[in-house]
Engineer: 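Dropping the structure in here first, questions after.
Residue numbering restarts at 1 for every chain, and letters A, B, ... go by the order of the sequence lines. Every heavy atom of this structure was used, including side-chain atoms; hydrogens, water molecules and symmetry mates were not.
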Amino acid sequence: MPELPEVETTKRGLAPHLEGRRVKLCEIRQHSLRWPVDADFADKIQGARIQHLDRRAKYLLMQTDKGMAIWHLGMSGSLRIVGGSEPPQKHDHIDWLLDSGQRLRFHDPRRFGALLWITDDIASHELIAHLGPEPLSDDFHGDHLYLASRGRKAPVKSFIMDGRIVVGVGNIYASEALFMAGIRPSTPAGKISRPRYQRLAEAIKTVLASAIEQGGTTLRDFVGGDGKPGYFAQQLNAYGRAGQPCPRCPGTIREQIIGQRNTFFCPRCQR
DNA sequence: CCCGATTCCTGTAGGC
DNA sequence: TGCCTACAGGAATCGG
């Protein structure tokens, strides 16, 4: 499941193959994604030169000289570089044929992903305009969480997964960050103190940064072939470990549904 | 405005 | 062994 670290890993892996290249042809075999891909997308991007790859939240941005392509990997999407004559497999929905002879290939079994084309300012785009700060930037810190949470009754886990508060914290890393910070996921966001939010902000940064590092270890393989994210191999302390001993106290990890999402925590050391 | 519930989709895991 | 169902997950959107 692509969380922020995998999108960042994808961006870093693709950039050397895409930046400076021209899109000779775009093949769309499946238009029905999260939102329908524009009927004229292929025409719009044809002949465009890809200038720069960027990331905002979990959106992968590809700036060209004709407009900007915005990818979202949803929860099962992946982008990789394949050889120019490699035939598409099941769920390989979109190819961009590059002037290098290679193809950029989008694969997405569950079709929660998206591909958009915009020609106006990205910052004013509806999907981007209301997003919170990047978790790894200096704009994101404990005070931001503290101030934004006053008066909020939603569980802190839902709060940190709200992209208007901070982007890029998915279900897995929300549990992990709250575990690291020793905060119970069900606590109403408005009841958490300033110092505890400082710990939480640090935990979010630490967890995401280490996941990006882990993704980075498979960067070489990524381009070569299987596109499998490496960070799943990383040690998860709470997520998916219901019934197992807590890694840092004598407690036992418990599972609870919060905001319609599975949530894992230690009832003994997360208060 | 705030927050919980619902929705899109299909591979995988678990139950019988 | 094979069928069937439940579940997973990001995030927009709906309903209260």
Engineer: Salt-bridge test for A:R55 and A:E134: reply yes if a basic N is under 4.0 Å from a carboxylate O, no otherwise.
Structural biologist: yes
Engineer: Could you state the atom-to-atom distance from CG of A:D92 to P of B:dT10 in whole Å?
Structural biologist: 15 Å
Engineer: Side-chain donor-acceptor pair under 3.5 Å between A:D92 and A:H107, yes or no?
Structural biologist: yes
Engineer: Does NZ in A:K24 sit with more than 12 non-hydrogen atoms of other residues, nucleotides or ligands closer than 6.0 Å?
Structural biologist: no
Engineer: Between A:R110 and A:L131, which is nearer to the 5' end of DNA chain C once each is assigned its nearest nucleotide?
Structural biologist: A:R110
Engineer: Please pick, from B:dT10, B:dT6, B:dC3, the nucleotide with the shortest atom-to-atom distance to any side-chain atom of A:R111.
Structural biologist: B:dT10
Engineer: With a 4.0 Å limit, can you tell me whether A:K58 has a side-chain N or O closer than that to the phosphate oxygens OP1/OP2 of C:dA11?
Structural biologist: yes
Engineer: Could you tell me how far apart A:K90 (NZ) and B:dT10 (P) are, to the nearest whole angstrom?
Structural biologist: 9 Å
Engineer: Just how far, in rounded Å, is C1' of B:dC9 from CH2 of A:W35?
Structural biologist: 15 Å
Engineer: Counting only side-chain heavy atoms from C-beta out, which of B:dC8, B:dC3, B:dG11 sits nearest to A:F112?
Structural biologist: B:dC8
Engineer: A:A154 has a side chain; which of B:dC3, B:dC9, B:dG11 sits nearest to it?
Structural biologist: B:dC3
Engineer: If I take atom CD in residue A:Q260 and atom P in nucleotide C:dG10, what distance separates them, rounded to the nearest angstrom?
Structural biologist: 13 Å
Engineer: Can you tell me how far P of C:dG10 sits from CG of A:D162, to the nearest Å?
Structural biologist: 14 Å
Engineer: NA contact type, A:G170, heavy-atom cut-off 4.0 Å: base, sugar-phosphate, or nothing?
Structural biologist: sugar-phosphate
Engineer: side-chain hydrogen bond (donor to acceptor under 3.5 Å, both in side chains) for A:E255 and A:N262? Distances and angles first, verdict last.
Structural biologist: CA-CA 7 Å; A:E255 184 175 8; A:N262 264 344; 3.0 Å; yes
Engineer: Between C:dA8 atom P and A:Y173 atom OH, what is the distance in whole Å?
Structural biologist: 18 Å
Engineer: Starting at the 5' end of DNA chain B, which residue's closest nucleotide do you reach first, A:F159 or A:H91?
Structural biologist: A:F159
Engineer: Figure out the CZ/P separation between A:R56 and C:dG10, and round it to whole Å.
Structural biologist: 17 Å
Engineer: Touch check for A:P155, heavy atoms < 4.0 angstrom, all strands: base, sugar-phosphate only, or nothing?
Structural biologist: sugar-phosphate
Engineer: According to a strict under-4.0 Å criterion, is A:H72 in side-chain N/O contact with OP1 or OP2 of C:dG10?
Structural biologist: no
Engineer: Would you indicate what A:R261 reaches in the nucleic acid, counting non-hydrogen atoms under 4.0 angstrom: base, sugar-phosphate, or nothing?
Structural biologist: base
Engineer: To the nearest Å, how far apart are A:D108 CG and C:dG10 P?
Structural biologist: 13 Å
Engineer: For the atom pair CD1 (A:I192) and OG1 (A:T187), what is the distance rounded to the nearest 0.5 Å?
Structural biologist: 5.0 Å
